[in-house]
Amino acid sequence: MWLLSTYIAGGALFFTGRKIYKFFQKNPVDSHKKNSSDSNESSTENAQFKSASKNIRSQQFKELSGTGQKTDINESEKKADKKLLIALSSVGLVTAGSLMYPPFFTAAVPGLLYLAWNRLNGAFQALYKERKVRIIVIDSLWIVGALISGYYFWVALGCGIYHLGEKLLAKTEDHSRKSLMNIYDEPESSAWILIDEAEIEIPVDELKIGDVIIVDGGQVIPVDGKIVRGMASVDQQRLTGEEQPAEKGIGDPVMASTVVLSGRIYIQVEKTGEETAASQIRQILNQTANFKLSIQSKGEVFTDKSALPTLMLSSFSLPFVGPNGALALLGNYPGANLRLLAPMTMLNFLHIVSWHGILVKDGRSLEQLENVDTIVFDKTGTLTLSKPQIYKIYSFEDFSEDEVLSFAATAEQKQTHPIADAIVEEAKNRNLAFHDNQEIHYEAGYGIKIIRENDKTIQVGSDRFMEMEGIVLPSTIDELKNKCHSDGNSIVMVAVNGQFAGAIELQPTIRPEARDTICELKKRGYDLYIISGDQEQPTKTLAKNLGIENYYANTLPENKAQLIEQLQLDKKVVCFIGDGINDSLALSRADVSISLCGASTIATDTAQIVLMDTNLNRILDLFDITQNMQSNMKNNIITSLIPGVMGIGGVFFFNFGFVSSIVLYNFGLFAGISNTMLPILKQTSNKQKSKYKIKSTT
């Protein structure tokens, strides 16, 4: 009965391993490229020719990078393959020797000794060099005791199943790393450059900043740049996680590794090679993938802690349960499978978050998110868009609203701050004429003063700036200013030739998804705060509109970090969500830091986690994924602990022996690997369904 159960458990594990191995042969990135190219059926012959040449180069790239059918096997997988082959050969030889031809049994001895020697060597390193009783000592005693007791078949089978798990771990690591890299990889080796209205193909490595390249439908954009001619539908899912394509036109930025689905665009090169966002992301993900070593060490620490108690229990129980029972106790230590399951789980969930357009720079942040109880939002650029919108224009004297706006736009058109952008954009929307600014002289201070030769002098700024310039303000301006501030808005004054012309009221633009996101986070029980450098009243109004009770206003960047530290002193685990560079100090102080900067500024972003599409809803996705990861990890602990506890109890109460420990271990490992792989299998299935849905509706 035990033999049959062992065969069933081992067979189920091998079946699972075979299915997972086949899953790893399928590259979701390849199918994504295929779907992208399928949408370009209406391209010109020239585009088809270049697309065909691209596919050839892409296939060559796959073979080199390991994404095609010809894949390089990493070193750890080679070692696992070797041990697995020896173990399975030993199983076959022992079985043949026992049932048919005894000399086969002798031929199995070298393989069994080789498997035992590897463990004994590791045990020697642990005992005599590290002076520690590690779990490899228990493994060595188990193998030696089993061989002395004549359990050759079971030793070979047990080693085979364990090394199969090692192979699956190595395969998971290799697949996760390559998949993460290939999500953001750049398969193009050449580009079509525009020179004197002629299209010439040159290697991507030879592109220079300022060059103009042409990208047709079905092709991957090889650089970061700005569109100077044409329109296109661009699939940015690799970088931002956005499922719907983005419509891009003149002036819009585009990034390397995104795919032109349809259309033709001319791109002025701004970044190439290692400077592109995709390349920087690959470097970060490569470092993040290495975090599995930390997770793996935690699994090893957990099992190592059980080594000495397991050894003592087996030794003290020997007179009562006999050699067979003592050997079974050695093979049933709690958490035996965590060495394999913990790193597999982390690698799979790192892959899943990347599919959601979330870049994790530090894998420890995924673990720490589970402990977060307080979320602190920066105001501008996080809860609100960085650029406000014009709410109302107030005109005085003989000036009209359009004149006030036109004068303000004339002064602000060369400025780069959000308020200037909002004023200039509104003036353009109203088709207002801008005055020539070539002869403008700027005097920066609390505002802007421009002086045109033989023309008007324009001042734009705060009421304090107007007073400094000697501008007489209307008696009603204080009332107007207070009303604007009470509504959470800001106000900009405009004067022409020393005469007050009017004021522009600007309203912060709350992110469309902010209210729903905040509401959901409150339902989940998080304490929410807002930190802002703005005045008290606008910050208070925003907090009230979003339903956040706690806020800090008039806060300098260095003070933001101090407020984070104060919350931590109050025993809170803080997650700070900001807009990247301006919040670098606060981001570095928080227990977990999240940025909405996006892919374009990834190189200078100090956050541990970056939401690539700058959508607050991704925060909910991130917390959901983290919860799923913790749940998956807990299930792995259960599948590792239960067989050990059952085995120990079975030895003392049901006379379990050595064979029973093998059976329980196999069932536990089978359940653990199945549980570990389930999330990524579900995610892959959902992603494929989503692609089919998008394709059918576009």
Side-chain angles (χ1 to χ4, degrees), residues 379-381 384 386-427 432 434-508 532-541 553-559 582:
K379 175 178 172 284
T380 305
T384 65
S386 58
K387 183 170 67 176
Q389 60 185 0
I390 304 297
Y391 178 71
K392 192 172 182 181
I393 299 174
Y394 303 91
S395 61
F396 289 78
E397 302 299 336
D398 296 329
F399 296 96
S400 67
E401 290 186 10
D402 284 351
E403 285 179 319
V404 171
L405 182 59
S406 178
F407 287 131
T410 299
E412 298 279 11
Q413 60 184 301
K414 281 193 173 182
Q415 303 305 300
T416 57
H417 55 81
I419 290 178
D421 291 342
I423 290 173
V424 172
E425 181 178 327
E426 180 65 18
L432 300 181
F434 286 18
H435 295 278
D436 183 10
N437 59 7
Q438 292 182 355
E439 300 175 359
I440 289 177
H441 173 66
Y442 291 89
E443 295 180 5
Y446 291 96
I448 295 176
K449 178 180 180 180
I450 65 170
I451 304 172
R452 292 173 46 84
E453 293 183 7
N454 302 320
D455 204 346
K456 299 178 175 64
T457 296
I458 303 173
Q459 291 112 323
V460 178
S462 65
D463 53 343
R464 183 177 180 183
F465 176 66
M466 294 296 160
E467 292 173 357
M468 292 173 59
E469 290 291 314
I471 307 298
V472 178
L473 299 177
S475 58
T476 57
I477 201 66
D478 286 337
E479 181 182 350
L480 176 62
K481 184 181 69 172
N482 293 335
K483 180 181 180 301
C484 290
H485 288 169
S486 65
D487 293 337
N489 300 337
S490 57
I491 189 168
V492 175
M493 314 290 180
V494 181
V496 179
N497 289 336
Q499 182 181 5
F500 185 75
I504 300 174
E505 183 177 357
L506 297 110
Q507 183 181 59
S532 174
D534 288 349
Q535 299 297 316
E536 170 84 12
Q537 192 58 48
T539 305
K540 180 179 179 180
T541 301
N554 296 305
T555 309
L556 297 174
E558 56 269 25
N559 293 336
N582 294 332

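Start at 1 with the first residue, then count along the sequence. The basis for the numbers below is simple: all heavy atoms, side chains too, and nothing from hydrogens, waters or symmetry mates.
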Taking every non-hydrogen atom, the tightest pair across [X] and [Y]:
X	Y	value
Ala409	Ala427	CB-CB, 3.7 Å
Ala501	Val496	CB-CG2, 4.2 Å
Asp398	Glu403	O-OE1, 3.9 Å
Cys484	Glu505	SG-CD, 3.3 Å
Asn489	Tyr391	ND2-CD2, 3.9 Å
Ala411	Val460	CB-CG2, 3.7 Å

Distance in Å, [X] [atom1] paired with [Y] [atom2], rounded so as to fall on 0.5 Å steps:
X	Y	atom1	atom2	value
Ile471	Asp463	CD1	CG	12.5 Å
Met468	Ser462	CE	OG	8.5 Å
Ile423	Glu412	CD1	CD	4.5 Å
Glu426	Leu405	CD	CG	6.0 Å
Gln507	Lys392	CD	NZ	12.5 Å
Phe407	Ile450	CZ	CD1	9.0 Å

Check whether any side-chain heavy atom of [X] lies under 4.5 Å from a side-chain heavy atom of [Y], and answer yes or no.
X	Y	value
Ile419	Val492	yes
Met493	Phe500	yes
Ile390	Leu506	yes

If we ignore hydrogens and angles and just use 3.5 Å, is the side chain of [X] paired with the main-chain N or O of [Y] as donor and acceptor?
X	Y	value
Thr541	Thr539	no
Glu479	Thr476	no
Gln413	Thr410	yes

In chain order, what residues pass the side-chain contact (heavy atoms from CB on, under 4.5 Å) check against Asn554, with sequence neighbours excluded?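 Counting only residues at least two positions away or on another chain, Asn554 forms a side-chain contact (heavy atoms from CB on, under 4.5 Å) with Gln535, Glu536.
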Taking atom CZ of Phe399 as the centre, report whether more than 12 heavy atoms of other residues, nucleotides or ligands fall under 6.0 Å from it.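 Check passes, neighbour count above 12.
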